[in-house]
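Notes to accompany the following structure.
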Amino acid sequence: MKVTKWAQTSLFISMSAFSMYGYSIGYTSSDEELNKVVNAGKKINQSANVSQQKVDKINEQIQSKLQQFKVVNKEIDGLNVYNKQMQAQLNNQLTELQQLATSMEQVSIIERQISPLMARMIETLITFVRLDVPFLPEERSKRTADLEKLLEQADVSVAEKFRRVLEAYQVEVDYGRTIEVYSGTQLVDGIERDVDFLRIGRVSFVYQTRDGEKMGIWDKASQSWKPLAADYRTDINKALRIARKQLAPDLIIVPIAQDSAE
């Protein structure tokens with residue numbers, strides 16, 4: 001049995017009472033009186049023990065609540081830090097949303113401005129093709145016509161339309177630095193004949209009949225075809241083979257309309 005200060009005090013009081021009782025009767029008490037005193041002491045001790053157990057239980061509860069309080073305080077501190085981080089992220093997201101809203105407004109303005117720009121670009125391209133060396137006339141005219149139709153389509157995004165316009169410009173740019181041969185028909189001496197057209201960049205554009213007898217060159221100044229001297233036949237045949245990838249690239253003499261026309 002756990003003896004506490006309270007129990008010790010009760011026992012001391014009991015023993016003191018017993019001593020005083022014994023003194024008062026001159027040490028002549030009977031066993032019955034002694035048992036009463038002992039029982040009374042036991043009851044006091046039991047009562048003190050029960051009280052101590054209650055105190056210990058209350059103390060344990062207090063310690064448990066205190067520990068829970070400390071844990072809750074730590075959780076509160078963690079939540080405060082977390083809330084600050086979330087608030088910072090929320091503020092950044094609100095800023096980004098504002099920037100997106102501004103960007104969307106700017107995109108709307110750009111879309112309204114880019115459609116007229118594309119229309120002008122297509123018109124310029126049509127004029128350029130019309131005034132340029134007349135190679136691949138059907139292919140180039142179809143490309144610009146398709147762009148005009150594309151501009152009117154509502155199911156195509158502005159970005160895709162603009163990409164197609166830039167792509168058409170890039171194709172025209174590439175024509176100026178490539179060599180190409182293709183077959184077609186040409187009016188020669190009043191007779192329509194099958195010929196091979198040879199384009200060397202935009203520097204020279206010539207044709208040669210299939211039998212190799214007749215050759216002509218496009219004159220930009222007069223916007224017409226002019227006969228080409230037979231002296232260029234060897235270089236033209238070489239250029240035709242290079243364009244068909246039958247020969248490796250090599251230096252060739254390029255006829256110029258102003259110098260070679262007869």
Side-chain angles (χ1 to χ4, degrees), residues 114-153 156 158-188 192-210 212 214-229 231-262:
I114 201 170
S115 293
L117 173 63
M118 288 189 294
R120 292 193 298 270
M121 291 176 68
I122 295 173
E123 183 179 352
T124 301
L125 189 61
I126 292 173
T127 302
F128 176 79
V129 171
R130 185 176 67 252
L131 298 177
D132 193 23
V133 178
F135 59 88
L136 300 173
E138 296 180 358
E139 177 181 324
R140 298 168 75 191
S141 297
K142 183 178 182 301
R143 183 180 298 113
T144 54
D146 290 344
L147 288 177
E148 288 183 308
K149 294 179 181 178
L150 180 68
L151 201 61
E152 299 174 355
Q153 294 181 6
V156 181
V158 175
E160 175 62 17
K161 292 177 182 178
F162 192 67
R163 186 192 70 80
R164 293 280 296 276
V165 172
L166 292 181
E167 185 180 66
Y169 268 81
Q170 186 61 51
V171 170
E172 291 294 331
V173 170
D174 292 340
Y175 284 145
R177 56 192 181 199
T178 57
I179 182 172
E180 179 182 21
V181 60
Y182 63 92
S183 299
T185 59
Q186 175 63 32
L187 195 64
V188 181
E192 190 170 308
R193 301 184 60 177
D194 293 331
V195 298
D196 290 325
F197 290 101
L198 174 66
R199 177 185 59 79
I200 304 173
R202 283 188 168 87
V203 175
S204 182
F205 183 48
V206 302
Y207 72 81
Q208 183 183 63
T209 58
R210 293 293 175 83
K214 298 289 184 178
M215 294 182 297
I217 186 169
W218 178 257
D219 182 25
K220 293 182 180 180
S222 63
Q223 293 290 301
S224 62
W225 289 97
K226 291 188 176 181
L228 186 63
D231 297 342
Y232 287 98
R233 181 171 288 110
T234 300
D235 290 307
I236 293 301
N237 288 332
K238 182 178 180 181
L240 288 171
R241 295 184 65 188
I242 292 175
R244 294 189 179 106
K245 303 186 184 305
Q246 296 173 349
L247 283 179
D250 197 1
L251 293 176
I252 57 175
I253 298 176
V254 178
I256 303 298
Q258 288 81 357
D259 297 334
S260 58
E262 293 181 347

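Worth knowing before you read on, the calculation uses all heavy atoms, side chains too, and leaves out hydrogens, waters and symmetry mates. For reference, positions follow the sequence shown, starting with 1.
Under 4.0 Å is where a charged nitrogen must lie from a carboxylate oxygen, and between Glu139 and Arg143 at least one such pair does. Checked for salt-bridge contact, Arg120 and Glu123 miss the test: no charged N lies under 4.0 Å from a carboxylate O.
Taking CG of Leu147 as the start and NZ of Lys161 as the end, the distance is 11.5 Å to the nearest 0.5 Å. Note: Arg177 CZ to Ile179 CD1 = 15.5 Å, rounded to the nearest 0.5 Å. The CZ atom of Arg193 lies 10.5 Å from the CD atom of Gln208; values are rounded to the nearest 0.5 Å.
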Audit row: Trp218, Lys226, side chain to side chain contact (heavy atoms under 4.5 Å, CB included) steps and yes/no: CA-CA 6 Å; Trp218 178 257; Lys226 291 188 176 181; over 6 Å; no
For Leu150 and Gln153, run side chain to side chain contact (heavy atoms under 4.5 Å, CB included): C-alpha distance rounded to whole Å, both residues' side-chain angles, the deciding distance at 0.1 Å, then the answer. CA-CA 5 Å; Leu150 180 68; Gln153 294 181 6; 3.8 Å; yes
Please assess Arg163 against Leu166 for the test side chain to side chain contact (heavy atoms under 4.5 Å, CB included), listing each intermediate value before the final yes or no. CA-CA 5 Å; Arg163 186 192 70 80; Leu166 292 181; 5.9 Å; no
Give the C-alpha distance, both sets of side-chain angles, the deciding distance and a yes or no for salt bridge (charged side-chain N to carboxylate O under 4.0 Å, His left out) between Arg140 and Asp132. CA-CA 11 Å; Arg140 298 168 75 191; Asp132 193 23; 2.8 Å; yes
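Nearest approach of Leu198 to Leu240, heavy atoms of both residues: CB-CD2, 3.9 Å. Pairing each heavy atom of Glu148 with each of Ile126, the nearest pair is OE2-CD1, 3.4 Å. Taking all atoms of both residues into account, the shortest heavy-atom contact from Tyr169 to Leu125 is OH-N, 3.9 Å. Counting all heavy atoms, side chain and backbone alike, Ile242 lies closest to Ala248 at CG1-O, 3.8 Å. The two residues Val254 and Ser204 come nearest to each other via the heavy atoms CG1-CB, 3.3 Å. The two residues Lys238 and Asp250 come nearest to each other via the heavy atoms NZ-OD2, 2.9 Å.
Using a distance-only test at 3.5 Å, with no hydrogens or angles considered, no donor-acceptor pair links the side chain of Ser141 to the main chain of Glu138. Formation of a donor-acceptor pair under 3.5 Å by the Thr209 side chain with backbone atoms of Lys214 is found in this model. Side chain of Tyr182 to main chain of Leu136: a donor-acceptor pair is present (N/O by atom type, distance under 3.5 Å, no hydrogens or angles).
Counting non-hydrogen atoms of other residues, nucleotides and ligands closer than 6.0 Å to CG of Leu251 gives a total of 12 or fewer. Other residues, nucleotides and ligands contribute over 12 non-hydrogen atoms within 6.0 Å of the CG atom of Leu247.
Relative orientation of the Phe197 and Trp225 rings is tilted, given thresholds of 30° and 60° on the angle between their planes.
Counting only heavy atoms from C-beta outward, the side chains of Ile236 and Ile252 never approach each other to under 4.5 Å. Annotation: side chain of Tyr232 is not in contact with side chain of Ile217 (no heavy-atom distance under 4.5 Å). Inter-residue side-chain proximity for Thr178 and Arg199 is flagged as met; some heavy-atom pair is nearer than 4.5 Å. You'll find the side chain of Glu167 reaches within 4.5 Å of the side chain of Arg164, heavy atoms only. At least one side-chain heavy atom of Met121 sits less than 4.5 Å from a side-chain heavy atom of Leu117.
For the residue pair Ser183/Asp196, the side-chain donor-acceptor check at 3.5 Å is satisfied.
Annotation: cation-pi pair Arg202/Tyr175 absent, no NZ/CZ under 6.0 Å from the ring centroid and within 45° of its normal.
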